[in-house]
Amino acid sequence: MIDVHCHLNFHAFEKDYDEVIKRAFEKEVKKIINVGTKLDSSKKAIELAKNYENLYAIVGIHPHHADKLEQDWDIELEKMAREPKVVAIGEAGIDYFRYKSNEIVDPKLQRDVFIKQVELSLKLNLPLQVHNRHAGKEIIEILNFYKSDLLNQPGMFHCMSGDIDFLKRALDLGFYIGFDGNITYEGLAPGEDTLLTDLVKETPLDKLVTETDSPFLTPVPYRGRRNEPSYVIIVGQFLAKIKGVSFEKMAQKTTENAHNLFNI
Ligand SMILES: [Zn+2]
Ligand SMILES: [Zn+2]
């Protein structure tokens with residue numbers, strides 16, 4: 001299996017990232033993709049990737065950081081994106097969820113920073129890893145503007161949420177769909193009207209990819225603890241159950257999908 005989205009570059013793993021990475025590789029996890037959310041965590045993702053053969057990096061600016069950017073951030077990001085183990089641009093997107101710790105960042109800034117990253121991904125022929133929360137309509141509108149180019153260079157929505165219509169539009173763009181440990185949680189997430197299990201059912205097997213978003217979104221039965229890439233296996237088991245296929249088949253398909261998407 002492959003964890004296509006986690007944050008081992010975050011403070012939560014400062015002390016034991018090496019053990020965490022080894023623990024995943026000792027299980028059925030073949031590759032891990034570590035994702036930046038601003039310039040410094042992107043840089044850290046690249047540094048970590050240099051030390052492990054099967055660890056890769058994604059570099060980008062999360063919408064939460066769209067209002068805290070230094071000048072020429074885009075030039076710096078492009079430089080990083082050209083590093084050999086960088087496999088995509090992300091996590092980039094728009095987020096209109098009102099978090100307790102974070103007010104909604106100025107929508108215009110979010111959009112501008114997202115659009116710059118869409119264009120960078122096309123310029124460098126790298127897939128785009130999109131973060132969306134309560135902004136699906138707007139993201140699709142932006143991506144549709146680039147549709148003919150994106151169809152040659154597909155990307156993915158990470159940590160899928162939203163409704164069936166949004167999912168269909170994402171698939172229309174040729175995008176892959178990532179699910180995390182929150183598929184094991186019961187009921188609807190705040191502000192959502194569609195169950196994640198229903199989104200899984202509507203996603204074709206050849207478009208599914210697995211992720212953990214570690215240290216967040218820990219799957220049941222470990223919910224409440226720190227998440228880690230080895231738990232991507234639990235995500236795979238859950239997806240297999242929802243789709244009515246064997247775990248082996250799910251592991252094989254999602255691994256193949258991640259290989260195709262990220263060219264690894
Ligand atoms: Zn995200
Ligand atoms: Zn993330």
Side-chain angles (χ1 to χ4, degrees), residues 2-14 17 20-21 24 31-46 48-49 55-68 77 86-102 104-105 107 110-111 113-114 117-118 121 127-136 138-140 142-143 155-162 166-167 170 175-183 185 189-192 196 199 209-219 226-229 231-232 235 258 261-262:
I2 300 186
D3 183 355
V4 302
H5 183 110
C6 65
H7 303 287
L8 299 171
N9 44 348
F10 280 13
H11 184 67
F13 293 105
E14 206 165 47
Y17 65 85
V20 169
I21 291 167
K31 293 181 170 112
I32 299 172
I33 307 178
N34 209 14
V35 183
T37 51
K38 46 185 177 167
L39 289 181
D40 57 1
S41 59
S42 294
K43 195 176 207 130
K44 203 158 173 197
I46 295 173
L48 275 175
L55 190 68
Y56 297 84
I58 293 180
V59 297
I61 312 291
H62 188 287
H64 281 169
H65 299 294
D67 59 346
K68 302 174 199 79
L77 185 63
V86 172
V87 296
I89 300 293
E91 50 181 304
I94 303 178
D95 191 327
Y96 290 150
F97 185 75
R98 198 174 291 278
Y99 295 86
K100 274 185 201 138
S101 57
N102 215 16
I104 295 171
V105 172
Q110 291 200 48
R111 270 196 299 270
V113 171
F114 178 48
Q117 293 181 94
V118 175
S121 78
L128 190 65
Q129 192 176 62
V130 181
H131 169 101
N132 160 46
R133 201 155 179 201
H134 298 181
E138 213 171 303
I139 290 176
I140 291 292
I142 291 170
L143 293 178
M156 67 167 286
F157 277 91
H158 112 84
C159 195
M160 189 60 177
S161 64
F166 168 65
L167 172 70
F175 273 45
Y176 289 79
I177 310 294
F179 289 98
D180 300 79
N182 54 347
I183 58 169
Y185 304 169
E192 301 293 347
L196 291 175
L199 293 174
V209 285
T210 49
E211 50 173 289
T212 62
D213 210 3
S214 302
F216 315 113
L217 301 179
T218 314
R226 182 185 69 172
N227 199 4
E228 63 170 63
Y231 297 162
V232 77
V235 175
L261 168 58
F262 296 111

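We count ligands from 1, going down the list as the structure has it; atoms in each ligand are counted the same way.
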*Asks:* Answer yes or no: are there more than 12 heavy-atom neighbours, outside K31 itself, under 6.0 Å from its atom NZ?
*Replies:*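 Yes.
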
*Asks:* If the test is side-chain hydrogen bond (donor to acceptor under 3.5 Å, both in side chains), which one of E91, H158, H5, Q117 qualifies with Q129?
*Replies:*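 Running side-chain hydrogen bond (donor to acceptor under 3.5 Å, both in side chains) over E91, H158, H5, Q117 with Q129 returns exactly one hit, H5.
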
*Asks:* Can you tell me if E91 has an N, O or S atom under 2.8 Å away from the Zn ion (ligand 1)?
*Replies:*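 For E91, the answer is yes, given that an N, O or S atom comes within less than 2.8 Å of the Zn ion (ligand 1).
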
*Asks:* Identify, by name, the N, O or S atom of H131 lying closest to the Zn ion (ligand 1).
*Replies:*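 Of all N, O or S atoms belonging to H131, ND1 is the one nearest the Zn ion (ligand 1).
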
*Asks:* Could you tell me whether any N, O or S atom belonging to H62 is less than 2.8 Å from the Zn ion (ligand 1)?
*Replies:*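 H62 does not place any N, O or S atom closer than 2.8 Å to the Zn ion (ligand 1).
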
*Asks:* Taking just the N, O or S atoms of D213, which one is nearest to the Zn ion (ligand 2)?
*Replies:*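 Atom name returned: OD1.
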
*Asks:* To the nearest 10°, what's the angle at the Zn ion (ligand 2) between atoms NE2 (H7) and NE2 (H5)?
*Replies:*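 Seen from the Zn ion (ligand 2), NE2 and NE2 are separated by roughly 100°.
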
*Asks:* Under a 3.5 Å distance rule, please check whether D3 uses its side chain to pair with a backbone N or O of V232 as donor and acceptor.
*Replies:*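 Checked: no pair found.
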
*Asks:* I'd like to know whether OH of Y17 has more than 12 heavy-atom contacts from other residues, nucleotides or ligands below 6.0 angstrom.
*Replies:*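 No, because the 6.0 Å sphere around OH of Y17 holds 12 heavy atoms or fewer from other groups.
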
*Asks:* Can you confirm whether K44 is buried at NZ, in the sense that more than 12 heavy atoms of other residues, nucleotides or ligands lie under 6.0 Å from that atom?
*Replies:*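 More than 12 heavy atoms, drawn from other residues, nucleotides or ligands, come within 6.0 Å of this atom.
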
